[in-house]
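Structure, as structure tokens:
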2 protein chains.
Amino acid sequence: MVERGGSGVPGGRRKQRVSMADVAKLAGVSSQTVSRVSNGHPGVIASTREQVLAAMRELGYRPNSAARALRYGQFNTIGVILFSLSSTGNSRTVEAIATHAAAEGYAITLIPIDVPTQDNVLGAFTRMGELAVDAVVVIMEVHLLDTGTVQLPPGVHVVVVDSDAGDRYCVVDTDQADGARKAVRHLLDLGHETVWHVTGPESSYAGQRRTQAWRTELQEAGRPVPPLLHGDWSAESGYAAGLALADRPDCTAVFTANDQMALGVLRAFHERGVAVPEDISVVGFDDIPDAAYFVPPLTTVHQDFAEVGRRCVEKALQQIRGAGGVPAGTDLVPTSLVVRGSTGSPRR
Amino acid sequence: MVERGGSGVPGGRRKQRVSMADVAKLAGVSSQTVSRVSNGHPGVIASTREQVLAAMRELGYRPNSAARALRYGQFNTIGVILFSLSSTGNSRTVEAIATHAAAEGYAITLIPIDVPTQDNVLGAFTRMGELAVDAVVVIMEVHLLDTGTVQLPPGVHVVVVDSDAGDRYCVVDTDQADGARKAVRHLLDLGHETVWHVTGPESSYAGQRRTQAWRTELQEAGRPVPPLLHGDWSAESGYAAGLALADRPDCTAVFTANDQMALGVLRAFHERGVAVPEDISVVGFDDIPDAAYFVPPLTTVHQDFAEVGRRCVEKALQQIRGAGGVPAGTDLVPTSLVVRGSTGSPRR
DNA sequence: CCACGCGATGTTTACGTAAACATGGACTGC
DNA sequence: GCAGTCCATGTTTACGTAAACATCGCGTGG
């Protein structure tokens, strides 16, 4: 008796997974019929279908996606390139991308770049080029990419987050400028003469835009523009900035470029005996879940990361499914200001 | 004249990507030679190699990974199934997995499950079964999986995080019990009579083990075991627990099952005028980056998520590369206690 | 009553790659 | 000087799937 799979040894190594041919043999039909059953195509009589399904069950058949991808010319997968999942924004955006992609039958492949050197980015893209991916979402400033000879793989569709490349790529992003303006306006409306600002790292385009909008809003209101305090998104950098600000009697309001830095600022103020919001008001950016439980609860600009992720998937699928026209342009997701306990009118 | 790929129109739609055959034709060699050059095999003379490389460059050739996967029978991809990326632990673990996988030439595919119903989990696994994946890392309690007829796809290697399934699967996890014991011991050593506890959600095995270790440690020390306060990882639930604890004069020390809930507790205490650590000491779990900037800085149990991720990849690759022996068992990553400002001796 | 049509199923082929085998020319050793 | 060898390269084939085309049998209308 010949044992299926050539496994003369019972329970021996079966390196090969079961294929349609195996199922077909067991069910006594052709592999094409198995294919039809597997894909739910019509034109298979009920009894035959049952037979095939039984054979599939018995053998534990699962379609080979590599063969499928080869046959169809696509992978049903979207790649995501990013620096870090550590930041709240990135991980929430990725999660939303994954969720919406899954709903459309797409999986997502993550390509992290630990150190943002040109080489690593290039490497990731080269690798990505060979990757089983129909489209790529890039969560980072693309000027890191196209300074030199680096080219996005020509055949792959691209959506970019956190970038000003709207002229060349399809960009989705939070409306950073609008959010920052709302923060500044809120503080000015409360009666503050001006607003100090703790920035994000210079490498972040999102950070740059928040800073720029902060400056513009102050200038348009005819207010003095205080010197920048440079941060790097971390609570630690916020803490350092907070210590510096606590010593300035002329500071009554601070806008930090994210919530974590706001946390550091709050702690510095607390240590120095600066009361928030009585002495100084603080506004953050992001609205991380914890922000409502800072001491005091943080007034901040809410970002809709889920919506950003959703639109990324939407654009990616448009490009994949659409004939080929690349809809470059920037799609901005609105923000909202969440007023909590860290802001108030200046004591004067 | 027959036009290849119908590319009679310059710049027209080229749905087909360039294949080895295209490169071969342009370079005037066979496709096998192109293959050899592409894979860096020896036995190709320099001049020929140059010619092929030039043709590749000209056509923008990139290997088709689907065909490769089909040929080789593997995908060089590891799947990751999880509920949520929102929790610090998960996203950091995933990041570590992605980084280490990348270093080994593997990409990772993310399968999120938005709502942890049996159906969704089953669906994810069914889908995963068809997915182009050589191994799967499951970041969740597996009892959600194998209660019913749900079976992990037999051909796919599995590593589980956050589970007690060490008898059946290959499990990697933080040594939760040890961490919790360290937290409790630290507080007892400071002179506290006993330690209260705010739990994680009951669905979390990690949470269960922390709670269990907390109870064991108290019992072994012959201390009374206070009633549990139930949380769900969120700062909000910690806040609620904190309000309850603030009213208990017999409470001098709290161990919260994560840092976010500790944040909520701290805020509740601050609101109620309870001084930390003078009136009540607080210890968290995770050591999120922000913990050092809480008010006061949080004493907490540090988890090495990066190491967890690294070991997941290691185990997965062992299974993929190893003949087939499945090394079931639990691999625990040690924790360390980080003492900051939120703990001190009881005032008495 | 036969041809035609249609529905169910089988057969061929192509997707892109790379191992295995084949070829053919140059060089070596005796 | 000729057989043996080895090296560079070409040819064949298989991986698993599914579209396109082929076949076969049965029912029906003219």
Side-chain angles (χ1 to χ4, degrees), chain A residues 5-6 14-53 55-56 59-76 129-134 155, chain B residues 2 4-6 14-53 55-56 59-76 129-134 155:
Chain A
R14 64 164 85 165
K15 197 178 175 68
Q16 307 291 11
R17 274 181 23 182
V18 299
S19 73
M20 280 194 169
D22 301 320
V23 176
K25 199 186 300 180
L26 179 62
V29 299
S30 78
S31 66
Q32 181 58 206
T33 300
V34 177
S35 169
R36 280 190 266 256
V37 172
S38 173
N39 293 38
H41 283 270
V44 180
I45 211 165
S47 63
T48 309
R49 159 168 280 117
E50 247 346 287
Q51 232 171 325
V52 171
L53 288 174
M56 281 181 173
L59 296 176
Y61 169 77
R62 285 174 302 127
N64 180 319
S65 49
R68 268 201 170 140
L70 177 58
R71 193 69 184 69
Y72 285 132
Q74 60 171 8
F75 305 94
N76 277 17
E130 308 177 1
L131 230 50
V133 157
D134 302 313
Chain B
V2 177
R4 167 169 39 86
R14 63 164 84 165
K15 198 177 175 68
Q16 308 290 12
R17 273 182 22 184
V18 298
S19 73
M20 281 193 167
D22 300 320
V23 176
K25 198 185 301 181
L26 179 62
V29 299
S30 77
S31 66
Q32 184 56 48
T33 300
V34 176
S35 170
R36 279 189 267 257
V37 172
S38 172
N39 293 39
H41 283 271
V44 179
I45 211 167
S47 62
T48 308
R49 158 167 282 117
E50 245 347 287
Q51 232 171 324
V52 171
L53 288 174
M56 281 181 173
L59 295 176
Y61 168 78
R62 283 174 302 130
N64 180 319
S65 49
R68 270 202 167 136
L70 177 59
R71 195 69 185 65
Y72 286 131
Q74 60 171 4
F75 306 95
N76 276 18
E130 308 177 2
L131 229 52
V133 157
D134 301 313

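Protein chains get the first letters and strands the later ones, always in sequence-line order, with residue 1 at the start of each.
- Within the 4.0 Å cut-off from OP1 or OP2 of dG10(D), at least one side-chain nitrogen or oxygen of T33(B) is found.
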### Task
Would you sort out whether R71(B) and N64(B) count as a side chain to side chain donor-acceptor pair (under 3.5 Å), showing the intermediate values?
CA-CA 11 Å; R71(B) 195 69 185 65; N64(B) 180 319; over 6 Å; no

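- What separates CG of N64(A) from P of dA14(D) is a distance of 18 Å, to the nearest Å.
- Residue Q74(A) contributes atom CD, which lies 17 Å from atom P of dC15(C) at whole-angstrom precision.
- Checking the phosphate oxygens (OP1, OP2) of dT9(D), a side-chain nitrogen or oxygen of T48(B) falls inside 4.0 Å.
- Taking atom CD of Q51(A) as the reference point, atom P of dA8(C) lies 15 Å away to the nearest angstrom.
- Rounding to the nearest 0.5 angstrom, the gap separating the CG atom in L70(A) from the OG atom in S65(A) is 11.5 Å.
- Note: S30(A) OG to K25(A) NZ = 14.0 Å, rounded to the nearest 0.5 Å.
- N76(A) has its CG atom 14 Å from the C1' atom of dT17(D), to the nearest Å.
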### Task
Let me see the working for M56(A) and V34(A) under side chain to side chain contact (heavy atoms under 4.5 Å, CB included), right down to the final yes or no.
CA-CA 9 Å; M56(A) 281 181 173; V34(A) 177; 3.8 Å; yes

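- Nearest-nucleotide assignment on DNA chain D puts the 5′-proximal partner with S30(B), out of S30(B) and A67(B).
- Considering CD of Q51(A) and CG of L26(A), their distance stands at 9.0 Å, rounded to 0.5 Å.
- Side chain of V44(A), nearest nucleotide from dG16(C), dT9(C), dG10(C): dT9(C).
- If you take CE of M56(A) and P of dT17(D), they are 9 Å apart, rounded to a whole angstrom.
- With hydrogens and angles disregarded, no donor-acceptor distance shorter than 3.5 Å links the side chain of S31(A) to the backbone of M20(A).
- Among the atoms of the strands shown, none is found under 4.0 Å from any heavy atom of V34(A).
- Between V133(A) and F75(A), the closest heavy-atom pair is N-CD1, 3.4 Å.
- Rounded to whole angstrom, the span from the NZ atom of K25(B) across to the P atom of dG10(D) amounts to 15 Å.
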Between protein and nucleic acid, restricted to nucleotides 19-22 of chain C and to nitrogen or oxygen atoms under 3.5 Å apart, what atom pairs and distances do you find?
| unit_1 | atom_1 | unit_2 | atom_2 | d |
| --- | --- | --- | --- | --- |
| dA19(C) | O4' | R71(B) | NH2 | 3.3 |
| dA19(C) | N7 | Q32(B) | OE1 | 3.3 |
| dA19(C) | N6 | Q32(B) | OE1 | 2.5 |

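- The CD1 atom of I45(A) sits 15 Å away from the P atom of dG25(D) (whole-angstrom rounding).
- When heavy atoms are screened at a 4.0 angstrom cut-off, L70(A) is found touching base atoms of the nucleic acid.
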